[in-house]
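This is a predicted model, so every value here is computed, not measured.
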Amino acid sequence: MANLYIYPKTGEPSTFPMAGQRVTIGRASANDIVLSDQFSSGCHAVIVPTERGYALVDQGSKNGTFVNGRRVNGEIDLARGDEILVGSTRFYFDRDFQPIVETVAGTTFTHSSNTIIQVKELLKKPAATGVIVKTPGGGLDLERFRQDQKIIAVVAEVSQALIYHMPLDKLLDHVMDVLIQHLPMDRGVLMLKSEATQALEPKVVRVQNAALRTQSIFVSQTIVKTALERNSAILISDIQADEGLRAQISVVQAQIHSAMCVPLWNNQDIIGLIYCDRASLLEQFTEDDLRMLTLLANLAAVKIENARLYEVSLKNAQLEREIALAVQIQKNFLPRTEPDFAPYEISGSARACRRVGGDYYDYIVVDPNRLAIVIADVSGVGVSASLLMASLRGALHEKFPGTVDLGDLAAKLNEFVYSSSDSHLFISFFLTIIDRRTDEAAYINAGHNPPLLQPHKGPARLLESTGLCLGMFPDQSYEERRIVMGPGDLLCLYTDGIVESRKGEHEEYGDERLAERLRELGSLPAQVVRDKIFEDVFGFSGCTEAGDDMTLVVVKRNP
């Protein structure tokens, strides 16, 4: 004798013996099985004996009758173990359900009619175009055929809808709009992994039922872990049948009875997931819905990844334009020719790396017998650094030839840089004025790499700092110092890209190696010394291009 095993949404389960009779099911008291279920109709469905066993007949119910997740149209034969849903009440025909219990990441997860399918497996089984789908009895399975054709049509439509580029935030909104259009749900959320922390972050939330908008969306951590760790699509066709999920307060409050969770897998990595559930919509999600959501999520994941890559390419292109502009700015304010200042030979050059750092050198005529030589380096990079350096150049040229008190000049430049730049930007700065009548050079060093004075004979001397970098703090004072250059002496001004050039990870070119090369090259013209120093630095590091901006100015006093 066949039995019906009855599991109401609330209350205790029970068993009803069929005894070969016709059984009516519904909310009205005249039914054989009376349901205290607001979602069932007065006479919702009938189970009738047939020559083959039993069949279920829907009685035109408002919310429909479902067998194994599919809505019944007319009459359907029942097989042992079939799951019947009437309103929110679940029946099992002639065999009680056997819940499957598993542990995921230490959490117990019970699921009876719930489904966990690997995304790869779902994507391996596309809808069968042109294939005749038959029932076990040999007839055409029209319902299966229609469902396959629907999935094909939806996937084609979504593919077309996602073909054009749109900004990432708009794309995410569009993806959820398309999903809701083809897969009715009460609530849905699209989450992406943070690129920095890999934690899931909600990006788009949709609540279709106004009554649910004041409630938080419940997403079971067990479901999420299962989806991510197994790269699996999860269908919870009956949350109330799952003891672990049914106990969640948020599930009870939201009246959730069916949910799906699918990873956003771009065929290489899981970049997020989509979760959706139904509360007011009584029709439960089916495996066909899960299959459709998985296909759409896969399309969306690929599109999202492409959008991310496209935005990265746009940022890179913008960066390239910024670098090109900064390089041009630098070129415009660097000297075009070397000064004619006998008996001194002066030769300078700047070798910019790919990232513009704001290196600067200049020659400024004070009067016929005095020449100012400047070298500086902005702490930042990019256009902002180049613009700040251009501003410094303008302010500096404005001071000459009127101001030659170097301490006063540096203090005024410090106030200018401090007041006209961000707090993280400052400038290391060195300026010397050479008087060829006396061969005396006055200088100030505002936090710059100490220039090297290499005498014709004897050890090198470092022209150490006489004050802080320009723009670090207001109200700074700077000390002016003086040196005398003898015949054959070399004065080498440079930025940190020279001495900090590395061989491997640890060894730097350094001040001592630079001083040694100056001693070896002291008999050569200034321009030759400059070029050989650059060659030596590149040879030391094993690079053909500057890893950082490199600027070098060589001053030689001829006899």
Side-chain angles (χ1 to χ4, degrees), residues 68-71 114-131 133 141 143-166 168 171-193 200 203-204 206 208 219 223-224 226-237 258-278 281 283-308:
N68 299 327
R70 294 190 179 183
R71 187 164 187 156
N114 304 333
T115 304
I116 301 176
I117 305 175
Q118 279 205 325
V119 171
K120 293 180 181 179
E121 293 302 315
L122 280 170
L123 297 179
K124 283 180 182 177
K125 301 175 181 179
T129 54
V131 176
V133 185
D141 189 342
E143 183 62 27
R144 174 76 265 166
F145 181 77
R146 290 192 191 100
Q147 186 62 35
D148 283 347
Q149 295 304 306
K150 177 184 176 183
I151 291 176
I152 293 169
V154 170
V155 169
E157 183 178 342
V158 171
S159 299
Q160 184 68 28
L162 296 179
I163 197 170
Y164 298 107
H165 172 74
M166 57 185 74
L168 184 59
L171 173 63
L172 299 179
D173 282 328
H174 186 61
V175 166
M176 285 302 292
D177 291 340
V178 169
L179 291 179
I180 289 172
Q181 178 184 350
H182 296 286
L183 195 59
M185 61 186 73
D186 280 316
R187 303 183 301 180
V189 58
L190 187 155
M191 293 182 275
L192 293 183
K193 284 184 177 179
L200 286 172
K203 296 296 183 180
V204 184
R206 291 283 188 271
Q208 301 300 100
V219 183
I223 295 174
V224 169
T226 304
L228 297 181
E229 292 175 4
R230 296 190 180 187
N231 190 15
S232 295
I234 300 175
L235 165 65
I236 310 296
S237 58
S258 185
M260 291 191 293
C261 185
V262 172
L264 286 165
W265 184 60
N266 62 15
N267 301 321
Q268 290 185 334
D269 301 301
I270 297 174
I271 62 172
L273 59 80
I274 295 175
Y275 167 86
C276 57
D277 61 34
R278 286 176 176 171
L281 296 171
E283 186 172 344
Q284 294 181 324
F285 291 123
T286 66
E287 286 193 25
D288 286 329
D289 294 330
L290 184 68
R291 182 183 176 200
M292 181 184 295
L293 180 60
T294 303
L295 289 169
L296 299 186
N298 181 245
L299 283 172
V302 173
K303 182 65 179 178
I304 290 169
E305 191 65 16
N306 288 343
R308 278 177 166 176

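- When all heavy atoms of A233 and L290 are compared, the pair lying nearest together is CB-CD1, 3.7 Å.
- Between the CE atom in M191 and the CG atom in L264 there is a gap of 9.5 Å [rounded to 0.5 Å].
- The two atoms that bring P263 and I270 nearest to each other are CB-CG2, 4.0 Å, heavy atoms only.
- The number of heavy atoms from other shown groups lying within 6.0 Å of CD (Q208) is above 12.
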>> Under the criterion side-chain contact (heavy atoms from CB on, under 4.5 Å), I'd like the reasoning laid out for L273 against V224: C-alpha separation, chi angles, the key distance, then a yes or no.
In response: CA-CA 8 Å; L273 59 80; V224 169; 3.8 Å; yes

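- Judged by distance alone, the side chain of R187 and the main-chain N or O of Y275 form no donor-acceptor pair under 3.5 Å.
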>> Determine whether K303 and V175 satisfy the following criterion, side-chain contact (heavy atoms from CB on, under 4.5 Å), listing intermediate values before the conclusion.
In response: CA-CA 10 Å; K303 182 65 179 178; V175 166; 6.0 Å; no

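- The main-chain N or O of T286 is found under 3.5 Å from a side-chain atom of D289 such that the two form a donor-acceptor pair.
- Contact record, A307 with L171: CB-CD2, 3.6 Å, taken as the closest heavy-atom pair.
- Put simply, the side chain of N298 gets close to the backbone of W265: a donor and an acceptor are under 3.5 Å apart.
- To the nearest 0.5 Å, atom CG of residue L168 and atom NE2 of residue H174 are 13.5 Å apart.
- The shortest side-chain heavy-atom distance between L179 and I274 falls under the 4.5 Å cut-off.
- Contact of the I304 side chain with the N266 side chain is not registered, since no non-hydrogen atoms from C-beta on lie closer than 4.5 Å.
- Partner of L293 under the side-chain contact (heavy atoms from CB on, under 4.5 Å) criterion, out of D288, L235, L183: L183 alone.
- Judged by distance alone, with hydrogens and angles left aside, the side-chain atoms of S258 form no donor-acceptor pair with the main-chain N or O of R278 at under 3.5 Å.
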> Can you list the steps and then say if L200 with K193 is a side-chain contact (heavy atoms from CB on, under 4.5 Å)?
Replying inline: CA-CA 4 Å; L200 286 172; K193 284 184 177 179; 3.9 Å; yes

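- Taking each heavy atom of H182 and M292 in turn, the nearest pair found is O-SD, 4.0 Å.
- Contact check for L299 versus L295: no side-chain heavy atoms found under the 4.5 Å cut-off.
- Among all heavy-atom pairs drawn from A227 and I234, the shortest one is N-CD1, 3.6 Å.
- At least one side-chain heavy atom of R206 sits less than 4.5 Å from a side-chain heavy atom of D177.
- Here salt bridge (charged side-chain N to carboxylate O under 4.0 Å, His left out) pairs that include residues 258-276, with residues two or more places apart or in two chains, number zero.
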